[in-house]
Amino acid sequence: MGQLFALVIVVVAVIVLAKLVRIVPQGYEWTVETFGRYTRTLSPGLHFLIPVYQTVGRRMNMMEQVLDVPSQDVITKDNAVVRVDGVVFYQVLDAAKAAYEVANLEQAALALVMTNIRTVLGSMDLDESLSQRDAINAKLLRVVDEATHPWGVKVNRIEIKDIAPPRDLIDSMARQMKAEREKRANILDAEGFRQAAILKAEGEKQSVILAAEGEKEAAFRAAEARERSAEAEAKATSMVSEAIANGNVNALNYFVANKYVEALKEMANSPNQKMLLLPIEATGILGSLAGIAELAKESMSQQQAGGARRVPPAMG
């Protein structure tokens with residue numbers, strides 16, 4: 001009988017000691033209730049509680065946690081049905097609020113995220129929902145974090161994992177993408193042809209300009225040659241006229257014979273003439289040639305006489 005009583009005393013002591021000493025592990029916080037009412041929060045480490053008077057209320061995980069959002073069907077602004085799922089990263093900052101402000105924290109957070117996913121995607125059309133995933137995540141994070149703040153919870157990130165439109169929409173989008181690529185290819189081809197035509201026209205323009213510049217230069221050179229020829233002709237005519245004025249008839253014969261020969265040359269070189277039959281008086285031509293010879297002799301005699309006059313007289 002005494003052994004049994006001792007055993008009971010030992011069991012009661014162990015139970016009391018277990019109720020008295022509490023060790024909170026790292027990453028957790030425990031709430032303390034006094035007769036069912038929250039009084040304080042136990043941080044990680046060794047703590048002592050008064051048995052029966054004080055009890056542990058909730059054991060809250062203070063580490064960042066991951067909550068999977070199951071897939072759900074969402075109707076976009078343009079009435080397209082897409083299937084969306086995601087993931088939420090959150091952390092409890094206030095153990096008392098997370099324990100007593102909401103009945104089931106995970107369920108409440110999950111319902112809040114799913115509701116806001118439908119709200120955000122419902123305000124966007126299909127193209128926006130597929131291309132603006134970062135904007136969707138930012139909107140969801142802002143709204144959900146604000147809603148969970150009274151619960152002592154901080155929502156760090158919300159990520160949409162997948163947005164899957166129906167199969168017929170995927171096929172339609174593939175055809176649209178193919179048509180868009182073909183359109184861009186045709187535009188690039190047309191742009192290439194346009195640039196090639198512009199370059200070709202520019203080259204032809206430069207070629208015409210250069211040809212015109214060449215013709216202008218050639219015309220200028222020809223005009224200059226004609227001007228010099230005319231000056232020489234005028235000078236020759238002046239010299240012949242001066243010789244005639246001085247009484248030298250042979251100069252006139254030379255001038256007439258020269259013009260006569262040039263006229264015959266021009267008539268012979270004409271493309272419309274195949275045969276030239278003209279009455280030519282031989283004595284006239286010979287007389288002209290004789291006049292040319294006499295003119296040359298007279299010119300040489302004058303040059304020699306002038307040279308003799310320039311020789312100084314010999315010294316006695």
Side-chain angles (χ1 to χ4, degrees), residues 22-33 36-47 49 54-78 80-166 169-170 173:
R22 295 290 183 172
I23 299 176
V24 180
Q26 184 66 39
Y28 287 83
E29 288 186 0
W30 293 358
T31 63
V32 178
E33 298 176 356
R37 181 182 178 183
Y38 168 76
T39 55
R40 62 192 176 96
T41 301
L42 301 180
S43 59
L46 179 64
H47 299 274
L49 298 179
Q54 293 178 327
T55 59
V56 175
R58 305 288 179 86
R59 294 173 172 84
M60 303 303 300
N61 188 345
M62 306 301 291
M63 296 178 287
E64 186 174 15
Q65 302 178 63
V66 180
L67 181 63
D68 286 328
V69 180
S71 60
Q72 59 176 331
D73 291 333
V74 178
I75 300 176
T76 61
K77 185 178 180 180
D78 52 354
V81 180
V82 294
R83 196 160 189 83
V84 185
D85 59 0
V87 62
V88 180
F89 297 86
Y90 72 96
Q91 185 177 10
V92 176
L93 300 181
D94 191 327
K97 289 183 178 181
Y100 301 107
E101 294 294 336
V102 59
N104 190 324
L105 179 60
E106 291 188 359
Q107 184 178 358
L110 183 61
L112 186 62
V113 172
M114 294 181 67
T115 302
N116 282 278
I117 286 177
R118 289 193 295 269
T119 301
V120 172
L121 290 180
S123 63
M124 306 171 68
D125 55 27
L126 180 60
D127 292 337
E128 292 177 342
S129 63
L130 294 176
S131 61
Q132 300 183 9
R133 188 168 299 188
D134 291 339
I136 296 173
N137 295 335
K139 289 182 180 179
L140 288 174
L141 179 60
R142 183 175 63 254
V143 174
V144 175
D145 183 56
E146 183 179 354
T148 57
H149 181 72
W151 301 344
V153 175
K154 174 63 177 177
V155 179
N156 296 323
R157 293 187 303 278
I158 297 179
E159 299 289 341
I160 298 297
K161 292 194 298 185
D162 189 23
I163 301 177
L169 284 179
I170 295 177
M173 291 168 62

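Just so you know, these numbers come straight off a predicted model, no measurement behind them.
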What's the shortest heavy-atom distance between [X] and [Y], and which atoms?
| X | Y | result |
| --- | --- | --- |
| Ser129 | Ile163 | O-CD1, 3.2 Å |
| Trp30 | Pro25 | CZ2-CD, 3.8 Å |
| Val82 | Pro165 | CG1-CA, 3.9 Å |
| Glu101 | Pro150 | CG-O, 3.8 Å |
| Met62 | Ala95 | SD-CB, 4.1 Å |

Hey, are the side chains of [X] and [Y] touching, using non-hydrogen atoms and a 4.5 Å cut-off?
| X | Y | result |
| --- | --- | --- |
| Thr119 | Lys139 | no |
| Leu42 | Val32 | yes |
| Glu128 | Lys77 | no |
| Asp125 | Thr76 | no |
| Val24 | Glu29 | no |
| Val144 | Tyr90 | no |
| Val92 | Asn61 | no |

Could you check Leu110 against Glu106 for side chain to side chain contact (heavy atoms under 4.5 Å, CB included), going step by step and ending with a plain yes or no?
-> CA-CA 6 Å; Leu110 183 61; Glu106 291 188 359; over 6 Å; no
Donor-acceptor pair, [X] side chain versus [Y] backbone, under 3.5 Å?
| X | Y | result |
| --- | --- | --- |
| Asp85 | Asp162 | yes |
| Asn116 | Leu140 | no |
| Gln91 | Val155 | no |
| Thr31 | Ala96 | no |
| Asp78 | Leu126 | yes |

Regarding Arg157 and the six-membered ring of Phe89, is the cationic atom NZ or CZ under 6.0 Å from the ring centre and inside 45° of its axis?
->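 Judged by the rule, Arg157 and Phe89 form a cation-pi pair.
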Please round to the nearest 0.5 Å and tell me the distance separating atom [atom1] of [X] and atom [atom2] of [Y].
| X | Y | atom1 | atom2 | value |
| --- | --- | --- | --- | --- |
| Ile136 | Ile158 | CD1 | CD1 | 12.0 Å |
| Thr115 | Gln72 | OG1 | CD | 7.5 Å |
| Ser123 | Arg118 | OG | CZ | 13.5 Å |
| Tyr100 | Arg37 | OH | CZ | 11.5 Å |
| Arg40 | Leu49 | CZ | CG | 6.0 Å |
| Arg22 | Gln54 | CZ | CD | 10.5 Å |

Determine whether more than 12 heavy atoms belonging to other residues, nucleotides or ligands lie under 6.0 Å from atom CD1 of Ile75.
->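 Not more than 12 within 6.0 Å, no.
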Please assess Tyr38 against Arg58 for the test side chain to side chain contact (heavy atoms under 4.5 Å, CB included), listing each intermediate value before the final yes or no.
-> CA-CA 10 Å; Tyr38 168 76; Arg58 305 288 179 86; over 6 Å; no
